[in-house]
Structures are given as structure tokens and as C-alpha cells.
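Heads up: numbering here begins at 1 and tracks the sequence.
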Amino acid sequence: MIIIDDPLKPEEALSETQRRFTNEWYDHTLVSRLNDKKGNVIILIMQRLHEDDLVGHVLEQESWDVVSFPAIAEKDEEIWIDTLFGPRRFMRHAGEVLHPERESRETIDRIRRTIGEYNFAGQYQQAPAPLGGGLVKEAWFQRYEPGDLPEKL
């Protein structure tokens, strides 16, 4: 078993060179270290920092079992955990914070304002977004003069 814990620091994740170095280290060095490549496992523990961080990289290559706990639930969740006392069911509803006794909604909202949406999406929601935003970019829009408009069909 190999356990990788936080292979990148948040500031390193913005560097394409650092991400590529980490991803290549995984591909060319780490994977070959498994004694039993069929039966051994690699566990990757990290906060998401970029779409092409090590988690993003390995998920593009193959299927992994992913355990992700966003700070704020994005949808209703039902989680079953096997315990010594039998299976336990945990429910979490959209909008609920992960551990309100540790980090209240007010604390999470303050952190979000402090670190910004880009960092919050990756580090707290485990869903990194493109640095320029993931929905609509101004550069996608073209401007036309009235005479340039296409004719109606």
C-alpha cells in the first residue's frame, strides 16, 4: 500500500511545471514501486487544487474509488459506513456544512470571502474550476455591427 498525502501545496498547483512534475513522478516513479501491482493499492489524500492536480490526472487515466466531502453539501447525500456495531446511515442535505461544530456556516462563508471562489471551489468543495471561471467567458462572445448580422431564413 502506498499513501500519498498532499502532493502539491496550493501555491504549487497554479504552476503548470509543478503539476506536470508531480503527475509525471506518479506515472514514471511511484506506480512502479508497488510490490504487487495487481493487488496493492494507492491511496491519495488531498484537497483538490486544480483540474489537472494529481487527482484529476489519475481520474483521466482510470477509474478510482473517490471519497469526497465538500464543506457545503451540493446535493442530498446518503452515506453508509460499516462500523463495529453494524452499518450506519448518515444523511446530509444540500446546503448543510460538513462539520458545523468545527466550522460553522458563518466561518465557512468568511473563509470563502477571504480565499475567493476559485480556491474555495477546489479546497473546500473538492470541485476545482478553471481559473477564469467555468461557465461563461467574455471572450466567447463576438461583436457584430448591424450590417454584419446574418439574414433571416
Side-chain angles (χ1 to χ4, degrees), residues 1-105 107-141:
M1 174 187 308
I2 296 176
I3 299 174
I4 305 167
D5 185 20
D6 284 332
L8 286 172
K9 297 181 186 92
E11 62 274 9
E12 293 173 342
L14 295 176
S15 165
E16 182 179 346
T17 302
Q18 287 286 344
R19 290 191 315 273
R20 185 174 50 243
F21 175 81
T22 301
N23 295 344
E24 288 177 0
W25 164 80
Y26 174 86
D27 291 343
H28 304 299
T29 302
L30 184 88
V31 172
S32 67
R33 300 291 195 251
L34 290 170
N35 291 329
D36 177 0
K37 290 165 185 60
K38 185 176 180 182
N40 289 164
V41 297
I42 297 174
I43 298 171
L44 177 54
I45 303 167
M46 65 181 283
Q47 58 186 337
R48 294 299 311 271
L49 298 168
H50 190 277
E51 291 178 297
D52 190 36
D53 58 17
L54 189 53
V55 169
H57 178 72
V58 299
L59 288 175
E60 278 191 10
Q61 295 177 352
E62 60 187 345
S63 177
W64 279 57
D65 292 328
V66 176
V67 178
S68 176
F69 297 108
I72 302 169
E74 296 181 345
K75 62 183 192 283
D76 290 345
E77 301 171 333
E78 179 181 43
I79 302 164
W80 285 91
I81 297 177
D82 289 325
T83 71
L84 295 174
F85 306 105
R88 289 200 52 203
R89 176 179 167 231
F90 296 90
M91 293 295 299
R92 197 165 160 224
H93 299 287
E96 288 184 6
V97 296
L98 180 61
H99 194 319
E101 294 81 18
R102 184 170 180 267
E103 291 181 324
S104 67
R105 182 58 185 244
T107 300
I108 295 286
D109 289 343
R110 182 176 39 78
I111 291 168
R112 182 182 227 155
R113 287 189 304 273
T114 301
I115 68 174
E117 288 297 325
Y118 173 78
N119 290 319
F120 188 82
Q123 294 178 28
Y124 280 79
Q125 293 301 102
Q126 301 304 303
L131 189 54
L135 297 177
V136 178
K137 294 183 169 81
E138 184 177 353
W140 295 350
F141 291 94

Cut-off 3.5 Å, no hydrogens considered: what does the side-chain donor-acceptor table look like for residues 39-50, sequence neighbours left out?
{"from": "Asn40", "atom 1": "OD1", "to": "Asn35", "atom 2": "N", "distance (Å)": "3.2"}
{"from": "Asn40", "atom 1": "OD1", "to": "Asp36", "atom 2": "N", "distance (Å)": "2.8"}
{"from": "Arg48", "atom 1": "NE", "to": "Asp53", "atom 2": "OD1", "distance (Å)": "3.0"}
{"from": "Arg48", "atom 1": "NE", "to": "Asp53", "atom 2": "OD2", "distance (Å)": "2.9"}
{"from": "Arg48", "atom 1": "NH2", "to": "His50", "atom 2": "O", "distance (Å)": "3.2"}
{"from": "Arg48", "atom 1": "NH2", "to": "Asp53", "atom 2": "OD1", "distance (Å)": "3.0"}
{"from": "His50", "atom 1": "ND1", "to": "Arg19", "atom 2": "NE", "distance (Å)": "3.4"}
{"from": "His50", "atom 1": "ND1", "to": "Asp52", "atom 2": "N", "distance (Å)": "2.9"}

Return a table of donor-acceptor pairs under 3.5 angstrom between the side chains of residues 77-84 and protein atoms on other chains or two or more places apart.
{"from": "Glu77", "atom 1": "OE1", "to": "Arg92", "atom 2": "NH1", "distance (Å)": "3.3"}
{"from": "Glu78", "atom 1": "OE2", "to": "Arg89", "atom 2": "NE", "distance (Å)": "2.7"}
{"from": "Thr83", "atom 1": "OG1", "to": "Phe85", "atom 2": "N", "distance (Å)": "3.1"}
{"from": "Thr83", "atom 1": "OG1", "to": "Gly86", "atom 2": "N", "distance (Å)": "3.4"}
{"from": "Thr83", "atom 1": "OG1", "to": "Gly86", "atom 2": "O", "distance (Å)": "2.5"}

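Scored by the side chain to side chain donor-acceptor pair (under 3.5 Å) test, Glu12 finds no partners at all (sequence neighbours excluded). Glu96 pairs by the salt bridge (charged side-chain N to carboxylate O under 4.0 Å, His left out) definition with nothing, not counting sequence neighbours. Considering only residues two or more places apart in sequence or on other chains, Ser32 meets the side chain to side chain contact (heavy atoms under 4.5 Å, CB included) condition with none of them. For the side chain to side chain donor-acceptor pair (under 3.5 Å) test, no residue two or more places apart in sequence or in another chain qualifies with Glu24. Under the side chain to side chain contact (heavy atoms under 4.5 Å, CB included) criterion, Thr114 pairs with Arg110, sequence neighbours left out. For Phe120, the ring-ring contact (aromatic ring centres under 6.0 Å, His included) partners two or more places apart in sequence, or in a different chain, are Tyr124. With sequence neighbours excluded, the residues satisfying side chain to side chain contact (heavy atoms under 4.5 Å, CB included) with Glu11 are Lys9. Checked against side chain to side chain donor-acceptor pair (under 3.5 Å), Gln18 has no partners two or more places apart in sequence or in another chain. Every salt bridge (charged side-chain N to carboxylate O under 4.0 Å, His left out) that Asp109 has, sequence neighbours left out, goes to Arg105. Checked against side chain to side chain contact (heavy atoms under 4.5 Å, CB included), Thr29 has the following partners two or more places apart in sequence or in another chain: Trp25, Arg33.
Other residues, nucleotides and ligands place no more than 12 heavy atoms under 6.0 Å from the NZ atom of Lys75.
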Could you walk me through whether Ile72 and Gln125 satisfy the side chain to side chain contact (heavy atoms under 4.5 Å, CB included) test, starting with their C-alpha distance in whole Å, then the side-chain angles of each, then the deciding distance to 0.1 Å, before giving a yes or no? CA-CA 7 Å; Ile72 302 169; Gln125 293 301 102; 3.7 Å; yes
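Once rounded to the nearest 0.5 Å, the distance linking CG of Asn23 with CG of Leu30 reads 12.0 Å. Distance check: Met1 CE to Leu34 CG gives 11.0 Å after rounding to the nearest 0.5 Å.
The heavy-atom pair separating Thr22 from Pro7 by the smallest distance is CG2-CB, 3.8 Å.
Side-chain N or O atoms of Gln126 include one that pairs as donor or acceptor with a backbone N or O of Gln123 at under 3.5 Å.
Using a 3.5 Å distance cut-off with no hydrogens or angles, the side chains of His57 and Gln61 do pair a donor with an acceptor.
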